[in-house]
Amino acid sequence: KLVSSGRKLLDQARNCTAQWQKQKLERLYTSFGFVIKNGSKHDIVKHPDFPQLRSTLPRHNVVNRVYVAQAVSLIEKLFSLEKEYHDQEN
């Protein structure tokens, strides 16, 4: 169920990056396995299986569209890395 709601959020993010609430963007990240930790001025977003997938997230209620586009890009990279990993296993 998490991934299915994550897919819906991902589709929304691909279609419109404007006026995203921070809480909704956090839900997008966590639905694909990312972990969000408090940093000094921004929150840090990382994926536990692929530590190279890393980003920051401001603490504003409404986030700039750049952060939404960045989330889409990171999730797409996650798909690619997962596919590579599974292809190597088979």
Side-chain angles (χ1 to χ4, degrees):
K1 179 167 172 154
L2 254 180
V3 172
S4 114
S5 67
R7 293 261 181 204
K8 288 177 187 173
L9 286 171
L10 182 58
D11 288 341
Q12 289 173 14
R14 285 178 174 144
N15 292 328
C16 180
T17 57
Q19 297 298 310
W20 270 63
Q21 299 290 321
K22 181 178 189 272
Q23 190 175 32
K24 187 175 177 181
L25 190 55
E26 287 175 344
R27 226 174 35 245
L28 173 64
Y29 272 122
T30 57
S31 67
F32 288 100
F34 286 86
V35 177
I36 300 169
K37 295 185 179 182
N38 289 340
S40 59
K41 294 185 180 186
H42 288 76
D43 291 337
I44 310 297
V45 180
K46 286 184 183 178
H47 197 280
D49 297 333
F50 301 98
Q52 68 270 40
L53 298 179
R54 182 184 187 284
S55 186
T56 58
L57 195 55
R59 296 206 174 107
H60 313 293
N61 285 334
V62 177
V63 294
N64 187 296
R65 61 182 42 213
V66 168
Y67 293 98
V68 179
Q70 206 169 44
V72 170
S73 177
L74 271 185
I75 292 166
E76 287 173 347
K77 285 179 187 171
L78 172 64
F79 293 158
S80 176
L81 288 169
E82 285 178 333
K83 184 179 180 332
E84 282 178 35
Y85 178 78
H86 291 298
D87 287 349
Q88 288 175 1
E89 277 192 334
N90 295 330

Can you sort out the partners of E82 under salt bridge (Lys or Arg N to Asp or Glu O under 4.0 Å), two or more places apart, ordered by chain and number?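 Applying salt bridge (Lys or Arg N to Asp or Glu O under 4.0 Å) to E82 gives none.
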Set of salt bridge (Lys or Arg N to Asp or Glu O under 4.0 Å) partners for K83, sequence neighbours left out: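 By the salt bridge (Lys or Arg N to Asp or Glu O under 4.0 Å) rule, K83 matches D87.
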Going by side-chain contact (heavy atoms from CB on, under 4.5 Å), name the residues that satisfy it together with V35, two or more places apart in sequence or in a different chain.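 Counting only residues at least two positions away or on another chain, V35 forms a side-chain contact (heavy atoms from CB on, under 4.5 Å) with K37, P48.
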Quick one: side-chain contact (heavy atoms from CB on, under 4.5 Å) partners of K24, sequence neighbours excluded?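 If we apply the side-chain contact (heavy atoms from CB on, under 4.5 Å) test to K24, skipping adjacent residues, the hits are L9, Q12, W20, Q21, R27.
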Would you say CD of Q23 has more than 12 non-hydrogen atoms from neighbouring residues, nucleotides or ligands within 6.0 angstrom? no
Other residues, nucleotides and ligands only: do more than 12 of their heavy atoms fall within 6.0 Å of CG on N15? yes
Given D49 and Y85, is the side chain to side chain contact (heavy atoms under 4.5 Å, CB included) satisfied, shown in steps? CA-CA 11 Å; D49 297 333; Y85 178 78; over 6 Å; no
Would a hydrophobic clustering, with Ile, Leu, Val, Met, Phe, Trp and Tyr connected at side-chain separations under 4.5 Å, put I44 with I75? no
If hydrophobic clusters are built from ILVMFWY residues whose side chains come within less than 4.5 Å, do L25 and V62 share one?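 Per the 4.5 Å side-chain linkage, L25 and V62 are not co-clustered.
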About how many Å separate [atom2] of [Y] and [atom1] of [X], when rounded to the nearest 0.5 Å?
X: L74; Y: Q52; atom1: CG; atom2: CD; value: 10.0 Å
X: L10; Y: K8; atom1: CG; atom2: NZ; value: 13.0 Å
X: L57; Y: K22; atom1: CG; atom2: NZ; value: 5.0 Å

Taking R14 first and then D11, would you say they form a salt bridge - that is, a charged N and a carboxylate O separated by under 4.0 Å? yes
On a heavy-atom basis, which atom in [X] and which in [Y] lie closest, and how many Å separate them?
X: L28; Y: A13; result: CD2-CB, 4.2 Å
X: Q70; Y: S55; result: OE1-OG, 2.9 Å
X: L53; Y: K77; result: CD2-CB, 3.7 Å
X: T17; Y: V68; result: O-CG2, 3.6 Å
X: F32; Y: G6; result: CE1-O, 3.4 Å

With sequence neighbours left out, which residue pairs that include part of residues 48-72 fulfil the ring-ring contact (aromatic ring centres under 6.0 Å, His included) condition? H47-F50
Pairs meeting criterion salt bridge (Lys or Arg N to Asp or Glu O under 4.0 Å) with involvement of residues 50-69, two or more places apart: D43-R59
